[in-house]
Amino acid sequence: MSSWRDNVRNVEPYTPGEQPKEEDVIKLNTNENPYPPSPKVMEAMENIRHLRKYPDPAATELVEAIAQYYGFTKEEVFVGVGSDDVLAVAFMTFFNGKKPVFFPDITYSFYPVWAELFQIPYEMKALDADFQIVPKDYYGANGGVIFPNPNAPTGAILSLEVIEDIILHNQDVVVIVDEAYIDFGGMSAKELTRKYDNVLVVQTYSKSRSLAGLRIGYAIGNQELIKAMNDVKYSYNSYTMNEPSIVMGKAVLEDEDYFQETRKKIIETREWFKEEMRELGFSFADSKANFIFASHKTVPAKELFEEAKKEKIYVRYFNKPRIDNYLRITIGTRKEMETLLAFFKRYIG
Ligand SMILES: *Cc1c(COP(=O)(O)O)cnc(C)c1O
């Protein structure tokens, strides 16, 4: 007996962090920015005037604003509905070889999901015991390479020298650097895209620019890469970027002072929080992101995760091999982190 069920694409979907409905929780589980977006974003809403019409399929104003901000041409910038959309398009566009695409075993858990969805062969390379990427692992023949820098959920950063070394060993495939957290202290690989035509750098407005709700991500790379991505995008949905995203996304780049101020506050809070956590008996890789990935020497992570939730403090726990004794804790406001620390002190004793 045949059934339509035989023809269904079966996929195990990505599980995003919980979004609790109550307002009075301390939410440190999805790496959102604790500060609101720049006031310029709300002011820009008045310029949204053309909802009757289809938006510009090329999102020209936003692409040009991003290109100008970073000193690239508009042909070197691709925008999408969050970097998840940008990364999905990149997987579809660049990972069509027969050899496996390489990425770390502990990393953004959307990568294996896209690989499965698009039927791309892949191989996960184990991080070392300190949760660091081992560059040599990426030297072998492959169909492409992708890793976040800083890595998620570890927060560990690679230097530009190490990234360039990985690129040098992978000249015949596309290398994607997912820089969702780069504004919290790392060096961006953007400039390497001028030197290597096979490098794509992906960033997002969701974390450092406090706009996870707007859904804007972008990629910077050689114009041939960007054209290939646009060709794929126009082959399934021309109007991914709506007018509010284009208008507000452009406005946020016009408030550099606000960006620098909130970014610095998060970095300062993170560095202070690290010290407090060490004193409480937690260990973690040195994070350059807006979260830390921490394990306690005696109390299991799962227990801390569940007990914190009872106090309406949400952190992220992954029940997965190698990382099931770790908590990923987003850096919120100083006050939120003080409340979390007070809970740890009370509970751990
Ligand atoms: C958050 C995140 C993204 C996606 O964020 P968007 O909201 O879709 O822009 C991509 N990669 C990593 C590693 C992330 O943590």
Side-chain angles (χ1 to χ4, degrees), residues 13-19 27-34 37 41 59 62 66 77-92 101 103-115 117 124 127 131 133 145-158 163 175-186 188-190 200-220 229 233 237 240-242 245-246 248-249 252-253 266 270 285 287-293 315-316 318 320 323 326-332:
Y14 169 76
T15 337
E18 237 178 305
Q19 294 289 353
K27 199 169 169 304
L28 307 173
N29 68 334
T30 52
N31 298 341
E32 287 142 339
N33 197 306
V41 172
L62 178 60
I66 293 170
V77 175
F78 175 89
V79 295
V81 187
S83 53
D84 285 343
D85 178 44
V86 176
L87 290 164
V89 172
F91 268 63
M92 255 190 276
V101 167
F103 47 82
D105 65 336
I106 300 167
T107 195
Y108 189 36
S109 48
F110 226 135
Y111 301 162
V113 175
W114 285 315
L117 176 65
M124 299 195 281
L127 298 184
F131 285 168
I133 286 176
V145 173
I146 179 165
F147 54 87
N149 196 50
N151 195 8
T154 64
I157 188 107
L158 292 178
I163 292 177
V175 177
I176 303 177
V177 188
D178 177 355
E179 294 188 336
Y181 302 101
I182 200 68
D183 293 328
F184 300 109
S188 173
K190 277 192 309 290
L200 191 77
V201 170
V202 178
Q203 297 190 354
T204 176
Y205 278 34
S206 297
K207 279 86 183 210
S208 60
R209 295 190 186 270
S210 306
L211 283 167
L214 201 55
R215 311 305 300 127
I216 298 179
Y218 52 96
I220 295 177
M229 288 177 78
K233 171 197 142 165
N237 184 0
T240 55
M241 305 307 289
N242 56 52
S245 293
I246 296 170
M248 293 155 92
V252 75
L253 297 178
I266 290 168
R270 178 188 70 207
S287 171
K288 293 283 181 211
N290 68 338
F291 56 83
I292 71 167
F293 196 53
V315 297
R316 192 83 186 264
F318 302 93
K320 287 186 181 170
I323 57 170
Y326 284 81
L327 296 175
R328 194 195 65 192
I329 305 168
T330 305
I331 305 300

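Just follow the structure's listing: the first ligand is 1, and inside any ligand the first atom is 1. Index from 1, following the sequence.
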*asked:* Regarding atom 11 (N) of ligand 1: of the candidates Asp178, Ile146, Val86, which has the closest heavy atom?
replied: Asp178
*Going by atom types only, do Thr30 and Lys27 share a side-chain donor-acceptor pair under 3.5 Å?*
yes
*Between Tyr205 and ligand 1, which residue portion shows a heavy-atom distance shorter than 4.0 Å: side chain, backbone, both, or neither?*
neither
*Tell me: protein heavy atom nearest atom 15 (O) of ligand 1, and distance?*
Tyr181 OH, 2.5 Å
_Restricting to side chain to side chain donor-acceptor pair (under 3.5 Å), what partner residues turn up for Asn237, sequence neighbours left out?_
none
*Answer yes or no: is there a donor N or O on one side and an acceptor on the other, between the side chain of Glu179 and the main chain of Ala189, under 3.5 Å?*
yes
*Shortest non-hydrogen separation from Met241 to Leu62 and the atoms involved*: CE-CD2, 3.9 Å
_Shortest protein contact, atom 8 (O) of ligand 1 (heavy atom only)_ = Arg215 NH2, 2.7 Å
*Testing Val177, Thr107, Asp178 for side chain to side chain contact (heavy atoms under 4.5 Å, CB included) with Phe147, which one passes?*
Val177
*After noting the C-alpha distance and the side-chain angles of Tyr108 and Tyr14, does the key distance pass the ring-ring contact (aromatic ring centres under 6.0 Å, His included) rule?*
CA-CA 10 Å; Tyr108 189 36; Tyr14 169 76; 5.7 Å; yes
*Identity and distance of the protein heavy atom lying nearest atom 5 (O) of ligand 1*: Ser83 OG, 3.3 Å
*If you take all heavy atoms of Gly186 and Ile157, which pair is closest and at what distance?*
CA-CD1, 3.4 Å
_Counting only nitrogen or oxygen atoms and a 3.5 angstrom limit, does Tyr111 reach ligand 1?_
no
_Evaluate Tyr108 for polar contact with ligand 1, using N/O atom pairs at a separation under 3.5 Å._
no
*Find all atoms of ligand 1 within a distance of less than 4.0 Å from any non-hydrogen atom belonging to Gly82, and give their numbers and elements.*
8 (O), 9 (O)
*Would a 4.5 Å heavy-atom cut-off, applied to side chains only, mark Val252 and Leu214 as touching?*
no
*With heavy atoms only and a cut-off of under 4.0 Å, state how Asp84 meets ligand 1: side chain, backbone, both or neither.*
both
*To the nearest 0.1 Å, how far is atom 1 (C) of ligand 1 from its closest protein heavy atom, and which atom is that?*
Lys207 NZ, 1.2 Å
*Between Ala180 and ligand 1, find which residue part has any heavy-atom pair under 4.0 Å and reply side chain, backbone, both or neither.*
side chain
